[in-house]
Structures are given as C-alpha cells and as structure tokens.
2 protein chains.
Amino acid sequence: MGRTAPLAGQNSCRAVSEVLSRVGDKWSVLVIVAVRERPHRFNELKRKVGGISQQMLTSTLKTLERDGLVTRTVMPTTPPQVSYALTDLGRSLSSTLRQLAEWSIDNLATIQESRRQYDEGRPT
Amino acid sequence: MGRTAPLAGQNSCRAVSEVLSRVGDKWSVLVIVAVRERPHRFNELKRKVGGISQQMLTSTLKTLERDGLVTRTVMPTTPPQVSYALTDLGRSLSSTLRQLAEWSIDNLATIQESRRQYDEGRPT
DNA sequence: CCGAATCCTAAGCGATACTG
DNA sequence: CAGTATCGCTTAGGATTCGG
C-alpha cells in the first residue's frame, strides 16, 4: 500500500470502504457518540446507547479499542470498574461523522419518502 | 419511549446510524463513487467497480435507486441499454462522503497500525 | 459490575446458471 | 447487454448462561 493517491478517485474509495465497513455496523457510531463527551463505564454506555446487548457492546468496544478509537481503563476497585473514553483519533472521526450526521438528519425523510414511492410503484 | 431528547445527540445518531447502515455495506459507496462523474451502463459499472458480482451490483443499484440516490434509465435500443446516474441527492451524499474519504485516507494507516499492536499484545 | 462462552437465526454475499 | 433465480457459505447479531 505505498500508494499515496492524490486523487480522491479509485484508490481512496477502498479506504473509505474499509472505514465504512468498520464503522458502518449496527452499533459503532452509536457507541462513539455515546462515549464522546466524557468517559463512561460499561453499563452506563449500555443504558445510554439503549437496545444494545451486552455481547454487542462488548465486541463493539473491543473493536473500537483495537482500532485505536477508544481507550479501556480498568479501575482496581471492588467491584472492578472499567472506563471507556474516546481517543484523539476517535474524536477526530467523531467530528468527521458530524457532517454525515447533519446530512442524514436533513435527508433521511427524503430517502424514506423515495422508498415509499418506489415501493408503491412495485407492489409485487 | 416517551423520550423526546432535545439534544442533537441521541436522536440524530439514529439517523446517522440508519444512513450508515444503508451506505456502509460492502459496495454502495464504491458504486456511488464509480457512477459519480457521469452516467454509466451496467457492465461499465461492473468493470469500473471491480470484484463485484452481477447479483450484488444489481441489488446495490436497486437499493440506491429506491433510496433516490441514483436514476435508472432504459434506452429502447437493441440490445437494450440501461444507464445509471447519480441524482442530486446522490451527489449531495457523495460530497459529504468526501470528508469521510479524506479522513479515511489520512488515518487508515494509523488504524491498521493500532490493530497490529493490539493483536501483538494478545496472541491468543 | 464486567465480560466470556455458547447457541441459534437471519441476513449478506458470492458463484453459477438461466431468461429476454 | 442487463438482468433474475437458486444455492450455499459465511457473518452479524440477539438471548442466555457462566465466571471473576
């Protein structure tokens, strides 16, 4: 991958695709946004995200940690507490996602309307 | 459910999540970028995207059309030709994605390095 | 409180063959 | 050329249970 493609064309797409695949799963973005403002503990995140299973929260957090987007800090208390926080990289991604968030909010209704019309025309 | 979170936090995330789920699949972004500059025909897109199966290109295009992101135009020639193009909405999304593309290009290497280190520490 | 392990279902996706 | 149909593998992800 020594390619430093100057154009935002074919090569860069693969990068976006890669990042989107990671972040485009069901929970990653929700978790990122939930943990964004301050460190959170596990069950705190679970409540805040809402609707996520333990399993998925655990694995989502693990993946995010592996990717260097969140940090995991174990507090040696009893019972043990674990604190999750966004890294600089995670915050950077979070900012970038904000643009997409705005687009989504602005256009989600349009998309849903488009779907409805499409489905009407094809009742089969 | 009586929750009407006024913050642009929780609610908007659902919208992003929704859009990301749509666009975060394996091929949508690649197809969007491939069709971006000008209308393309089916097999033209297939070649340009590269590695995509007929099945997936068909269903990806259908979903994008349903969401109002691309148009599908059948030319009544023999053999029939079908032309796909980005809508205004699609172009708008494409622009928004560019930011994410840049972030991806800038940070993909960092992420991959982070993964490598993480995996080293946990050989199991 | 935090998370691992197991089980199970639904969906994503690819390959191939067939149609108009 | 531009799809559709079918098959089967692989993965995502939810529920539940067990352990530290």
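Quick note on labels: first sequence line is chain A, next is B, and so on, each numbered from 1.
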Can you give me the N/O atom pairs linking the protein to nucleotides 1-8 of chain C at distances under 3.5 Å, or say none if there are none?
residue : atom : partner : partner atom : Å
C:dC1   : O3'  : A:R41   : NH2          : 3.1
C:dC2   : OP1  : A:R41   : NE           : 3.1
C:dC2   : OP1  : A:R41   : NH2          : 3.4
C:dC2   : OP2  : A:N43   : N            : 3.0
C:dC2   : OP2  : A:N43   : ND2          : 3.1
C:dG3   : OP1  : A:R72   : NE           : 2.8
C:dG3   : OP1  : A:R72   : NH2          : 2.6
C:dG3   : OP1  : A:Y84   : OH           : 2.8
C:dG3   : OP2  : A:Y84   : OH           : 2.8
C:dG3   : N7   : A:Q54   : OE1          : 3.0
C:dG3   : O6   : A:Q54   : OE1          : 3.3
C:dA4   : OP1  : A:K62   : NZ           : 3.3
C:dA4   : OP2  : A:K62   : NZ           : 3.4
C:dT6   : O4   : A:Q55   : NE2          : 3.1

Please write out each protein N/O paired with an N/O of nucleotides 8-11 of chain D under 3.5 Å, distance rounded to 0.1 Å.
none

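The CG atom of B:D25 sits 14 Å away from the C1' atom of C:dG14 (whole-angstrom rounding). The separation between B:M56 atom CE and D:dA2 atom P is 19 Å, rounded to whole Å. For the pair B:I52 CD1 and D:dG3 P, the computed distance is 13 Å after rounding to whole Å. Atom CH2 in A:W27 sits roughly 12 Å away from atom C1' in D:dA12 (whole-Å rounding). Residue A:L30 contributes atom CG, which lies 16 Å from atom C1' of D:dA12 at whole-angstrom precision. Put simply, NE2 on B:H40 is 15 Å from P on D:dC1, counting in whole angstrom units. One atom, CG of B:L57, and another, P of D:dC1, lie 13 Å apart when rounded to the nearest Å.
Listed by chain and residue number, A:S28 satisfy the side chain to side chain donor-acceptor pair (under 3.5 Å) test with A:D25 (two or more places apart in sequence, or in another chain). Under the side chain to side chain donor-acceptor pair (under 3.5 Å) criterion, A:Q55 pairs with no residue at all, not counting sequence neighbours. Not a single side chain to side chain donor-acceptor pair (under 3.5 Å) links B:Q54 to another residue, sequence neighbours left out.
Counting heavy atoms from C-beta outward, A:W27 and A:L61 have side chains that stay 4.5 Å or more apart.
Comment: B:R116 does not engage B:D119 in a salt bridge, judged by the lack of any side-chain N to carboxylate O separation of less than 4.0 angstrom. Between B:K62 and B:E65, no side-chain nitrogen of the basic residue sits less than 4.0 Å from a carboxylate oxygen of the acidic one, so the salt-bridge criterion is not met.
Here the OG1-CG distance, from A:T87 to A:L93, works out to 9.0 Å after rounding to the nearest 0.5 Å.
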Please tabulate, for side-chain N and O atoms in residues 74-84 of chain B, each donor-acceptor pair with protein atoms closer than 3.5 Å (sequence neighbours left out).
residue : atom : partner : partner atom : Å
B:T77   : OG1  : B:P79   : O            : 2.9
B:Y84   : OH   : B:R72   : NE           : 3.3

